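Read the structure below first, then the notes.
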Number of protein chains: 2
Amino acid sequence: MGRSRAAQPDSKPADGLAFLLSQVGAHSALRFAERLEPLNLVPAHVGILRVVKEGNGLSQQALGEALGVFPSRLVQLIDELEERGLVERRKNPADRRTYALHLTEKGVATYEQLGRVAREHQETLCAALNESERAQLASLLSRIATEQQLAPGVHPGFRKLGGPPKA
Amino acid sequence: MGRSRAAQPDSKPADGLAFLLSQVGAHSALRFAERLEPLNLVPAHVGILRVVKEGNGLSQQALGEALGVFPSRLVQLIDELEERGLVERRKNPADRRTYALHLTEKGVATYEQLGRVAREHQETLCAALNESERAQLASLLSRIATEQQLAPGVHPGFRKLGGPPKA
DNA sequence: GTGAATCGTTACAGTCAATAATCATTTTCC
DNA sequence: GGAAAATGATTATTGACTGTAACGATTCAC
């Protein structure tokens with residue numbers, strides 16, 4: 001952290017790295033969310049579209065499991081995507097309790113647009129680095145993500161963990 | 001994103017870098033918050049302690065300005081820190097509207113302990129990387145942070161930006 | 001010296017997400 | 001074959017959190 005005094009010899013060169021990570025990461029998330037606004041989407045929608053696209057006709061339960069979000073929260077999110085005509089809930093004849101989730105044609109198109117938005121976002125975010133440096137950064141981050149057992153494509157989100165310190 | 005089909009030749013090697021950044025960053029923030037729980041502190045407290053420690057006797061207004069938090073929110077946060085005996089609000093004889101914020105002895109001790117906690121956190125988080133790789137990562141991130149005009153030590157927090165997409 | 005501006009505080013309101021309860025359907029097991 | 005337990009989706013409720021606005025005290029401008 002703040003080493004504004006030149007007295008001590010900065011024992012660790014990478015001191016504050018964890019903070020830097022969290023800072024830049026939050027910035028990335030925030031800026032991406034901004035880019036999503038014109039599309040009337042929130043970050044959680046993007047993850048849903050991705051998983052729905054690849055997991056052909058999965059149930060809401062399975063989706064929630066894959067993304068780590070509560071089923072009750074999924075209901076609203078999918079409602080919104082359905083209202084926008086991006087996702088449809090098809091009846092599952094085998095098990096009439098569950099829905100089979102599918103992307104509509106518009107949903108596929110939107111998903112592709114999201115790819116472009118994400119690329120633009122990344123381009124802006126990493127403007128300071130050249131191509132090889134970006135690859136380096138990605139490699140380092142991937143290794144951290146793997147070692148920390150972060151599931152690819154699953155965002156930790158910002159869910160409560162133990163309640164705030166009771167005053 | 002998801003390039004699960006080997007058909008297309010992965011045009012960008014660092015595709016998904018922005019997501020990775022946000023993912024690992026959120027993970028870092030979450031884990032750090034967990035480590036703060038036993039101390040009965042939240043991440044925002046840490047930033048406050050740091051700025052109060054260095055800005056000798058600044059006002060709440062100035063603190064809020066420096067950290068980008070609303071004065072009304074600061075009231076509660078400083079209340080909590082004062083209850084825990086880490087910070088004190090001294091009367092400012094020059095301007096009786098403002099308080100001069102100072103760390104107590106216990107506050108200084110706690111701040112030093114936070115340094116240790118942060119180092120442990122970082123050690124665990126970056127276990128996958130050796131010392132030189134950490135320095136590399138820190139350098140790359142610093143360049144992004146600078147280019148993106150992120151103020152050192154100021155966390156973007158998770159504040160609203162434009163209201164959620166109205167359904 | 002009166003009025004505008006500033007600081008800290010409190011009150012208020014809107015948003016959001018997790019828990020628990022509900023309803024339909026399906027599976028288990030006797 | 002049928003009652004009871006389990007499962008999926010949904011709704012209701014509760015609680016936390018945060019930004020806006022109003023408030024009282026003090027200081028500054030003129």
Side-chain angles (χ1 to χ4, degrees), chain A residues 26 29-30 33 37 41-45 47-48 52 55 57-83 87-102 155-167, chain B residues 26 29-30 33 37 41-45 47-48 52 55 57-83 87-102 155-167:
Chain A
L30 241 29
E37 281 184 47
L41 294 175
V42 294
H45 287 145
I48 293 178
V52 168
L58 40 47
S59 67
Q60 295 186 194
Q61 173 102 346
L63 180 59
E65 191 79 16
L67 258 50
V69 314
F70 286 83
S72 59
R73 200 185 158 195
L74 266 186
V75 173
Q76 299 168 255
L77 290 168
I78 298 181
D79 279 352
E80 292 160 1
L81 291 174
E82 204 173 25
E83 284 168 18
V87 163
E88 61 179 344
R89 289 189 241 231
R90 291 191 199 154
K91 284 284 188 190
N92 181 351
D95 186 340
R96 291 197 319 244
R97 287 173 303 182
T98 71
Y99 288 119
L101 300 173
H102 288 276
H155 200 285
F158 310 132
R159 78 196 70 149
K160 270 275 102 65
L161 23 149
K166 36 273 199 226
Chain B
L30 240 29
E37 281 185 47
L41 295 175
V42 294
H45 287 143
I48 293 178
V52 167
L58 38 49
S59 68
Q60 295 187 193
Q61 173 102 348
L63 180 59
E65 190 79 16
L67 257 49
V69 314
F70 287 83
S72 59
R73 200 185 159 198
L74 265 186
V75 174
Q76 301 169 254
L77 289 168
I78 298 180
D79 279 351
E80 291 160 2
L81 291 173
E82 205 173 23
E83 283 168 17
V87 163
E88 60 179 343
R89 290 189 240 230
R90 293 191 197 154
K91 285 283 188 189
N92 182 349
D95 186 341
R96 289 195 322 241
R97 288 173 302 182
T98 70
Y99 287 120
L101 299 173
H102 288 275
H155 199 284
F158 309 131
R159 78 195 70 149
K160 272 274 100 63
L161 20 151
K166 35 259 182 261

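Proteins get letters first, then strands, A, B, ... in listed order; numbering begins at 1 in each. The figures here come from the full heavy-atom set of this structure, side chains too, leaving out hydrogens, waters and symmetry mates. Predicted model, so just to flag it, every value in this text is computed and none were measured.
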Original post:
A/Pro71: what forms a side-chain contact (heavy atoms from CB on, under 4.5 Å) with it, not counting sequence neighbours?
Top reply: none
**OP:** Sugar-phosphate means primed atoms, P, OP1 and OP2; the rest is base. With that split, encode nucleotides 8-15 of chain D 5' to 3' as B, S or - using protein heavy atoms under 4.0 Å.
**Re:** SSBB----
Subject >> Sequence neighbours excluded, every pair satisfying side chain to side chain donor-acceptor pair (under 3.5 Å) that has a member inside residues 68-79 of chain A >> reply: A/Asp79-A/Arg89
**OP:** Write down the distance between CZ (A/Arg96) and C1' (D/dT7), rounded to a whole number of angstrom.
**Re:** 15 Å
Original post:
Does B/Glu65 have any salt bridge (charged side-chain N to carboxylate O under 4.0 Å, His left out) partners at least two apart in sequence or in another chain, and if so, which?
Top reply: none
Subject >> Length of the CD1-C1' vector between B/Ile78 and C/dT9, whole Å >> reply: 12 Å
Subject >> Counterpart residues, side chain to side chain donor-acceptor pair (under 3.5 Å), relative to A/Ser59 (two or more places apart) >> reply: none
**OP:** Could you give me the CA-CA distance, side-chain angles and deciding distance for A/Leu81 and A/Val52, then say whether side-chain contact (heavy atoms from CB on, under 4.5 Å) is met?
**Re:** CA-CA 11 Å; A/Leu81 291 174; A/Val52 168; over 6 Å; no
Original post:
Given B/Ile48 and B/Val69, is the side-chain contact (heavy atoms from CB on, under 4.5 Å) satisfied, shown in steps?
Top reply: CA-CA 10 Å; B/Ile48 293 178; B/Val69 314; over 6 Å; no
Subject >> Euclidean distance, atom NZ of residue B/Lys91 to atom P of D/dA25 [Å, nearest integer] >> reply: 12 Å
Original post:
How close or far is atom P of C/dA17 from atom CG of A/Leu77, stated in whole angstroms?
Top reply: 7 Å
**OP:** Provide, to the nearest angstrom, the distance between the CZ atom belonging to B/Phe70 and the P atom belonging to D/dA21.
**Re:** 10 Å
Original post:
What's the NE2-P distance between A/His45 and C/dC16, to the nearest Å?
Top reply: 11 Å
